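Below is one structure, written out as structure tokens, with a few remarks after it.
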Amino acid sequence: GEDVEQSLFLSVREGDSSVINCTYTDSSSTYLYWYKQEPGAGLQLLTYIFSNMDMKQDQRLTVLLNKKDKHLSLRIADTQTGDSAIYFCAESKGSASKIIFGSGTRLSIRP
Amino acid sequence: DAMVIQNPRYQVTQFGKPVTLSCSQTLNHNVMYWYQQKSSQAPKLLFHYYDKDFNNEADTPDNFQSRRPNTSFCFLDIRSPGLGDAAMYLCATSRDNGYTFGSGTRLTVV
């Protein structure tokens, strides 16, 4: 079946790196996503990675994929107060296929 | 510019009174989705339209219906809202190059 799991909370100090982890069960997943959701807002796509890649970097964001272990991580360098949000890991079998979301990791920033 | 627009942003409805949420898109995407997101939970897919073909998820309650009169618009109808239906409802569209989400409608049932 399809399942995506994440830890619920992460607290980091401002300026440090944040690493949010995710595991998924469906080995046929083709796309793996990270979405950000601020309070009361919709979902904002941060980045995605194809299953045939093992790393993708985009400015402060680094995504690592271990396909063998079905493990995905999102690293946010130099974490700022504006990064405070819920981060959802998600997977799909295609760019127009339904997306299965994890339960989200709430990232809080301490001064 | 907003490309997937959901109206209204906040909706209050009475217990048992039918309510309709709307979604429109300017992207000409052929697939439209409705997700339900309860507080502190993952978004859950209710159904989607692939062009005019309606696809219901197996565990979507019968209380929830959808209409897609044309490519641009999709509606979510809740026939008899219960307190447990209070949630954020997210519309999304996709074509070959990925998803776009709307900002959501937060539904309160009183």
Side-chain angles (χ1 to χ4, degrees), chain A residues 1-10 20-26 29-51 53 56 58 63 72 84-108, chain B residues 2-11 21 23 25 27-51 53-60 71 86-108:
Chain A
E2 304 159 324
D3 198 14
V4 181
E5 295 191 356
Q6 315 174 225
S7 53
L8 292 180
F9 300 99
L10 177 66
I20 304 172
N21 294 299
C22 168
T23 57
Y24 61 98
T25 58
D26 191 347
S29 299
T30 308
Y31 288 74
L32 295 134
Y33 307 87
W34 284 103
Y35 281 87
K36 178 182 180 182
Q37 187 175 39
E38 297 185 35
L43 291 163
Q44 174 196 353
L45 177 65
L46 281 180
T47 186
Y48 66 93
I49 190 168
F50 296 110
S51 59
M53 298 168 64
K56 182 177 181 181
D58 183 3
V63 179
L72 184 73
S84 188
I86 299 177
Y87 290 81
F88 289 94
C89 173
E91 60 90 8
S92 74
K93 293 182 177 51
S95 62
S97 300
K98 69 178 182 181
I99 292 182
I100 305 298
F101 288 90
S103 53
T105 298
R106 184 179 295 275
L107 176 63
S108 61
Chain B
M3 295 177 287
V4 180
I5 302 163
Q6 292 189 241
N7 284 309
R9 188 73 189 272
Y10 300 93
Q11 175 75 55
L21 309 182
C23 176
Q25 55 136 334
L27 298 163
N28 201 33
H29 282 177
N30 57 334
V31 193
M32 293 187 78
Y33 308 80
W34 279 105
Y35 283 82
Q36 178 194 63
Q37 186 183 22
K38 296 190 177 180
S39 183
S40 303
Q41 294 184 23
K44 179 177 172 303
L45 182 64
L46 294 172
F47 25 58
H48 72 279
Y49 274 94
Y50 195 103
D51 293 321
D53 293 332
F54 177 71
N55 298 273
N56 201 32
E57 292 299 298
D59 55 355
T60 298
T71 302
M88 172 80 92
Y89 289 88
L90 295 162
C91 174
T93 71
S94 70
R95 200 176 178 94
D96 300 325
N97 57 352
Y99 265 58
T100 303
F101 277 89
S103 300
T105 294
R106 183 167 295 282
L107 178 69
T108 300

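Just the heavy atoms: all of them, side chains too, but no hydrogens, waters or symmetry mates, feed the values below. In this text, all values refer to a predicted model and were calculated from it rather than measured experimentally. In the text below, chain A, chain B and the rest are named by the order of the sequence lines, each starting its count at 1.
Of all the heavy atoms in A:F88 and B:Q37, the pair that sits closest is CZ-NE2, 3.2 Å. Listed here is the closest heavy atom pair of A:L43 and B:P43: CD1-CG, 3.8 Å. Nearest heavy-atom pair, A:G102 versus B:A42, reported as atom, atom and distance to 0.1 Å: O-CB, 2.8 Å.
Neither the backbone nor the side chain of A:L8 comes within less than 4.5 Å of any heavy atom in chain B. Contact annotation for B:E57: only side-chain heavy atoms (C-beta onward) come within less than 4.5 Å of a heavy atom of chain A. Using a 4.5 Å cut-off between heavy atoms, A:Q37 contacts chain B through its side chain alone, with no backbone atom that close. Within the 4.5 angstrom heavy-atom criterion, no atom of A:I86 approaches chain B.
Here OH of B:Y35 is found 5.0 Å from CZ of A:F101. Values are rounded to the nearest 0.5 Å. B:L45 CG to A:I100 CD1: the interatomic distance, rounded to the nearest 0.5 Å, is 7.0 Å. How far OG of B:S103 is from CD of A:Q44: 10.5 Å, rounded to the nearest 0.5 Å.
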* Between B:Y99 and A:Y31, does a side chain to side chain contact (heavy atoms under 4.5 Å, CB included) hold up when you go through it step by step? -> CA-CA 11 Å; B:Y99 265 58; A:Y31 288 74; over 6 Å; no

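Chain A forms more heavy-atom pairs under 4.5 Å with one residue of B:Q6, B:M88, B:K44 than with any other, namely B:M88.
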